Amino acid sequence: QVQLVESGGGLVQAGGSLRLACTTSGRTFSSSRMGWFRQAPGKERDFVAAIRSSGSSTYYADSVKGRFTISRDNAKNTLYLQMNSLKPEDTAIYYCAATSRSSGLYYYNSMSTYAYWGQGTQVTVSS
């Protein structure tokens with residue numbers, strides 16, 4: 001069974017930084033394309049960032065571009081999201097997700113692309 005476990009969330013002041021991690025098990029991590037999504041209270045779950053299996057390409061939502069960095073360590077089966085210059089509007093539950101396919105068209109910003117999801121980690125940014 002595939003498991004994804006997020007960690008690193010918490011409370012931070014505006015302008016601060018956090019680093020989220022997502023560890024995986026039960027699947028060959030290196031063959032999975034990975035993504036981060038977030039869901040604020042009362043809102044839909046939105047795309048944040050994504051990365052191809054090799055780490056060769058990364059993708060970001062416009063709202064986080066230049067502030068967030070997605071990366072992966074295939075040797076450690078871990079996905080990361082470095083979040084800098086945090087804003088109150090970044091407050092949300094952050095979820096990592098993994099694809100079941102390693103090839104073909106990659107609609108990285110679509111939730112339906114990802115077969116596996118973590119339970120989420122809360123990020124709260126105070127003003």
Side-chain angles (χ1 to χ4, degrees):
Q1 184 164 348
V2 178
Q3 285 191 321
L4 285 72
V5 180
E6 301 96 337
S7 61
L11 174 64
V12 64
Q13 288 188 330
S17 299
L18 282 174
R19 189 193 196 199
L20 304 184
C22 172
T23 57
T24 68
S25 61
R27 173 171 176 79
T28 304
F29 176 79
S30 61
S31 65
S32 295
R33 301 157 175 174
M34 303 291 295
W36 287 99
F37 288 73
R38 66 186 181 186
Q39 187 167 17
K43 295 188 177 181
E44 295 184 347
R45 192 171 299 187
D46 291 331
F47 167 74
V48 176
I51 188 168
R52 289 190 177 267
S53 56
S54 65
S56 59
S57 297
T58 57
Y59 312 91
Y60 297 94
D62 288 342
S63 58
V64 306
K65 201 170 293 183
R67 300 188 298 123
F68 290 11
T69 302
I70 188 172
S71 62
R72 63 192 297 159
D73 186 336
N74 286 347
K76 295 183 178 180
N77 291 347
T78 303
L79 175 74
Y80 301 101
L81 185 67
Q82 178 67 44
M83 305 186 295
N84 299 328
S85 302
L86 282 162
K87 305 175 181 180
E89 51 264 43
D90 294 318
T91 295
I93 299 175
Y94 283 71
Y95 299 89
C96 68
T99 65
S100 60
R101 298 177 58 188
S102 59
S103 61
L105 293 177
Y106 181 31
Y107 298 101
Y108 53 84
N109 59 349
S110 173
M111 288 182 57
S112 61
T113 294
Y114 300 91
Y116 309 105
W117 292 82
Q119 83 291 346
T121 186
Q122 176 70 48
V123 171
T124 303
V125 184
S126 63
S127 57

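Only a predicted model underlies this, so the values are computations on that prediction, with no experimental measurement involved. Atoms considered below: every heavy atom in the structure, side chains included; atoms not considered: hydrogens, waters and symmetry mates.
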Under 3.5 Å donor-acceptor pairs involving side-chain atoms of residues 101-109, not counting sequence neighbours:
| unit_1 | atom_1 | unit_2 | atom_2 | d |
| --- | --- | --- | --- | --- |
| Y106 | OH | M34 | O | 3.4 |
| Y106 | OH | Y114 | OH | 2.8 |

Per-pair distances, 0.1 Å, donor-acceptor, side chain in residues 40-52, under 3.5 Å, sequence neighbours excluded:
| unit_1 | atom_1 | unit_2 | atom_2 | d |
| --- | --- | --- | --- | --- |
| R45 | NE | Q39 | OE1 | 3.4 |
| R52 | NE | Y59 | OH | 2.8 |
| R52 | NH2 | Y59 | OH | 3.4 |

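- Hydrophobic clustering of Ile, Leu, Val, Met, Phe, Trp and Tyr side chains at less than 4.5 Å, counting indirect connections, unites L79 with Y60.
- Considering every non-hydrogen atom in both V125 and T91, the closest pair reads N-OG1, 2.9 Å.
- For the pair L20/V123, a side-chain contact is recorded, criterion being any heavy-atom separation below 4.5 Å from C-beta on.
- Using a 4.5 Å heavy-atom threshold, the side chains of F68 and L18 count as separate.
- Here the side chains of M111 and W117 are in contact, with some heavy-atom distance below 4.5 Å.
- With rounding to the nearest 0.5 Å, the separation of CZ in F29 from OG1 in T23 is 9.5 Å.
- Listed by chain and number, the residues in a salt bridge (Lys or Arg N to Asp or Glu O under 4.0 Å) with R33 amount to none (sequence neighbours excluded).
- Taking CG of N74 as the reference point, atom OG of S53 lies at 7.5 Å (rounded to 0.5 Å).
- V64 and I93 fall into different hydrophobic clusters, where Ile, Leu, Val, Met, Phe, Trp and Tyr side chains are chained together by heavy-atom contacts under 4.5 Å.
- Here the side chain of R67 pairs a donor or acceptor atom with the backbone of S85 at under 3.5 angstrom.
- To the nearest 0.5 Å, the span separating CG on L81 from OG1 on T121 amounts to 11.0 Å.
- With rounding to the nearest 0.5 Å, the separation of OG1 in T58 from NZ in K65 is 9.5 Å.
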- [ ] Could you check T24 against V2 for side-chain contact (heavy atoms from CB on, under 4.5 Å), going step by step and ending with a plain yes or no?
- [x] CA-CA 7 Å; T24 68; V2 178; 5.8 Å; no
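- The residues D90 and K87 are annotated as not salt-bridged, no charged nitrogen and carboxylate oxygen being separated by less than 4.0 angstrom.
- When all heavy atoms of R38 and S63 are compared, the pair lying nearest together is NH2-OG, 3.5 Å.
- Here side chain to side chain donor-acceptor pair (under 3.5 Å) pairs that include residues 4-18, with residues two or more places apart or in two chains, are E6-Q119, S17-N84.
- The disulfide (SG to SG under 2.5 Å) contacts involving residues 44-90 comprise nothing, where partners must be two or more places apart or lie in separate chains.
- Residues Y95 and L4 fail the side-chain proximity criterion, which asks for heavy atoms closer than 4.5 Å.
- At least one donor-acceptor pair closer than 3.5 Å links the side chain of T78 to the backbone N or O of K76.
- Applying the disulfide (SG to SG under 2.5 Å) test to residues at least two apart or on different chains, the pairs with a partner in residues 8-107 are C22-C96.
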